[in-house]
Amino acid sequence: MAQVIVNKVNKIYDNGFHAVKDADFIAKDKEFVVLVGPSGCGKTTTLRMIAGLEDISGGEIKIGERVVNNIAPKDRDIAMVFQNYALYPHMTIYDNMAFALKLRKESKSEIDKKVKDAAKLLGIESLLDRKPKQLSGGQRQRVALGRAIVRKPSVFLFDEPLSNLDAKLRVQMRAEIIKLHKTLETTMIYVTHDQVEAMTMADKIVVMKDGIIHQIDSPLNLYNKPVNLFVAGFIGSPAINQLIGKIVKNDDGFCFTDGDVNLKIDKEHDLALKDYVNKDVVLGIRPEDIYDSDYDELAENPEKIEAYCDIVEPMGNEFVVFLKTKHAKLTARFDPKKMPKIDENIKITIDMKKVKIFDKESELSLV
């Protein structure tokens with residue numbers, strides 16, 4: 001087993017495009033690290049540089065104790081699982097899984113044991129005689145996993161392996177990969193644009209945008225303590241609500257106002273906001289921290305806001321409610337016991353202990 005150290009790694013293409021800028025993180029031994037961000041943010045390029053499939057333009061990558069900048073992919077002791085499975089269509093599933101071991105010239109008995117052990121672990125023993133075209137997407141992805149497992153690498157690399165699967169199968173395969181990580185106790189680095197995958201699978205998440213790492217943290221810390229507006233908006237579904245306004249000060253302390261909505265800010269944030277009076281800020285509030293005042297009022301926050309109920313999406317376990325105030329649009333997650341009335345004004349309450357406040361210009365977190 002091994003840790004992976006990515007130290008100030010850059011990727012600049014021949015046309016001058018700077019795809020990855022000073023990427024710097026560590027995947028510890030046996031850790032599950034997820035690189036997440038929108039399309040084109042540099043996460044797959046970073047993974048391919050770790051694998052040796054892309055040359056690096058600067059910096060250093062270590063796998064275990066070795067600097068691998070100039071080591072060929074086959075000698076890095078890694079195994080990669082691709083988005084499109086990359087199976088050999090003319091080979092049986094058994095031969096697909098055994099191929100790398102045959103290249104190593106391992107004995108037939110050892111190959112047979114490793115292939116069958118991996119197939120049993122993944123529940124694909126009955127598929128070994130079939131060809132890839134005879135399998136479903138989920139079965140092919142298990143074969144791709146099996147082909148990686150038989151090699152017993154120090155590090156597994158995953159490049160959006162579930163993006164071609166339907167929603168139900170993605171949930172199932174997520175659970176299987178998490179279970180696989182616990183069983184194999186191997187370092188895994190996983191790339192996805194799906195923040196739900198990142199939140200549910202990772203020990204540690206690396207959030208990227210425009211080739212830059214914005215935050216590295218545990219899933220819950222990213223959710224509760226985002227360092228900037230991009231991370232706050234990218235992590236969480238439905239996305240965090242953003243109200244643009246100013247900080248004002250009165251006899252009761254600091255308040256946020258957008259000219260319509262006025263919210264008293266908790267006194268514990270006085271020090272952080274003392275230099276932001278009359279300055280533009282963005283107030284962020286998660287949908288689950290907005291309540292229907294008529295049904296679920298917060299005792300510690302008696303202030304109510306009037307909002308127009310535009311759309312209600314029944315989800316079974318909750319209502320996702322789309323609201324409008326004079327200057328803002330809000331998304332809330334309400335208790336399923338009482339459905340709000342569409343096309344009517346309702347009273348809502350915001351949990352002010354849960355708000356995040358960002359500098360509008362720098363987008364950095366203040367609270």
Side-chain angles (χ1 to χ4, degrees), residues 1-9 11 20-38 41-51 56 59-65 68 76-81 145 148 153-163 170-171 173-237 240 286 356 364-365:
M1 303 304 116
Q3 72 173 359
V4 177
I5 300 174
V6 176
N7 184 21
K8 303 294 182 187
V9 167
K11 178 62 182 180
V20 178
K21 304 168 186 175
D22 288 332
D24 204 64
F25 67 91
I26 296 174
K28 295 178 182 176
D29 186 28
K30 302 179 184 178
E31 194 171 37
F32 198 123
V33 175
V34 176
L35 307 185
V36 69
C41 72
K43 56 190 184 296
T44 291
T45 303
T46 302
L47 193 79
R48 289 175 63 84
M49 287 191 287
I50 295 170
I56 72 172
E60 181 181 87
I61 296 173
K62 288 181 75 175
I63 299 176
E65 299 300 318
V68 297
R76 294 192 180 196
D77 197 18
I78 55 100
M80 192 158 177
V81 180
L145 287 169
S154 295
V155 180
F156 283 89
L157 306 177
F158 296 87
D159 185 13
E160 304 210 31
L162 309 184
S163 59
R170 277 203 304 273
V171 173
M173 287 302 296
R174 279 206 309 259
E176 291 192 15
I177 292 173
I178 293 167
K179 183 179 177 182
L180 195 64
H181 175 244
K182 290 179 179 176
T183 302
L184 298 176
E185 295 187 321
T186 310
T187 309
M188 293 186 175
I189 303 176
Y190 187 106
V191 160
T192 181
H193 64 273
D194 184 339
Q195 53 94 16
V196 175
E197 273 183 34
M199 290 291 287
T200 54
M201 300 178 79
D203 297 319
K204 180 166 70 187
I205 298 176
V206 178
V207 185
M208 298 184 71
K209 180 190 178 190
D210 298 331
I212 298 168
I213 293 174
H214 283 248
Q215 189 169 354
I216 304 171
D217 218 323
S218 68
L220 286 179
N221 277 346
L222 280 177
Y223 191 79
N224 294 318
K225 299 175 183 177
V227 297
N228 59 32
L229 199 54
F230 166 70
V231 176
F234 191 80
I235 301 295
S237 180
I240 195 169
R286 299 280 182 195
K356 291 104 173 67
L364 294 176
S365 174

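Count residues from 1 along the sequence. Only heavy atoms go into these numbers, but all of them, side chains included; no hydrogens, no water, no symmetry mates.
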Does the side chain to side chain contact (heavy atoms under 4.5 Å, CB included) test come out yes or no for Lys62 and Asn7, once each step is laid out?
CA-CA 8 Å; Lys62 288 181 75 175; Asn7 184 21; over 6 Å; no

Between Pro38 and Phe230, which heavy-atom pair has the shortest distance, and what is it?
CD-CZ, 3.7 Å

Separation of Thr186 OG1 from His181 NE2 (nearest 0.5 Å):
7.0 Å

Scanning both residues in full, the closest heavy-atom pair of Ile240 with Ala232 reads CG2-O, 3.4 Å

Option passing side-chain contact (heavy atoms from CB on, under 4.5 Å) with Gln3 (candidates Ile26, Ile63, Val155)
Ile26

Has Asp194 got a side-chain atom pairing as donor or acceptor with Val196's backbone, closer than 3.5 angstrom?
yes

Report yes if some heavy atom in the side chain of Ile205 is under 4.5 Å from a heavy atom in the side chain of Met199; otherwise report no.
yes

Just by distance, do the side chain of Lys43 and the backbone of Val207 share a donor-acceptor pair under 3.5 Å?
no

Check: Leu180 and Phe156 side chains under 4.5 Å, non-hydrogen atoms
no

At what distance, to the nearest 0.5 angstrom, does CD1 of Ile78 lie from OG1 of Thr187?
12.5 Å

Separation of Ile213 CD1 from Asp22 CG (nearest 0.5 Å):
9.5 Å

Which pair of non-hydrogen atoms, one from Arg48 and one from Met80, has the smallest distance, and what is that distance?
CG-CE, 4.3 Å

Go through Thr46 and Lys11 one step at a time and tell me if the side chain to side chain contact (heavy atoms under 4.5 Å, CB included) criterion holds.
CA-CA 8 Å; Thr46 302; Lys11 178 62 182 180; over 6 Å; no

Looking only at non-hydrogen atoms, find the nearest pair between Val227 and His214 and report the distance.
CG2-O, 3.4 Å

Side chains of Val9 and Met49, heavy atoms from C-beta outward: is any pair under 4.5 Å?
yes

Ala2 backbone acceptor or donor facing Asp29 side chain under 3.5 Å
yes

Tell me the closest heavy-atom pair linking Leu157 and Ala51, and the distance in Å.
CD1-CB, 3.6 Å

Show your working on side chain to side chain contact (heavy atoms under 4.5 Å, CB included) between Gln195 and Ser237 and close with a plain yes or no.
CA-CA 8 Å; Gln195 53 94 16; Ser237 180; 3.1 Å; yes

Taking the side chain from Asp203 and the backbone from Phe32, do they hold a donor-acceptor pair closer than 3.5 Å?
yes

The reported gap from NE2 in His193 to SG in Cys41 (rounded to nearest 0.5 angstrom) is 11.0 Å

Short question: side chain of Glu197, backbone of Arg174 - any donor-acceptor pair under 3.5 Å?
no

Any side-chain heavy-atom pair of Leu145 and Phe158 under 4.5 Å
yes

Out of curiosity, Met208 CE to Thr45 OG1, how far, rounded to the nearest 0.5 Å?
8.0 Å

If you round to the nearest 0.5 Å, how far is NZ of Lys204 from CD of Glu31?
4.0 Å

Do you know which two heavy atoms are closest between Arg286 and Leu222, and how far apart they sit?
NH2-O, 4.5 Å

Where do Met201 and Thr192 land on the side chain to side chain contact (heavy atoms under 4.5 Å, CB included) test, with the steps shown first?
CA-CA 11 Å; Met201 300 178 79; Thr192 181; over 6 Å; no

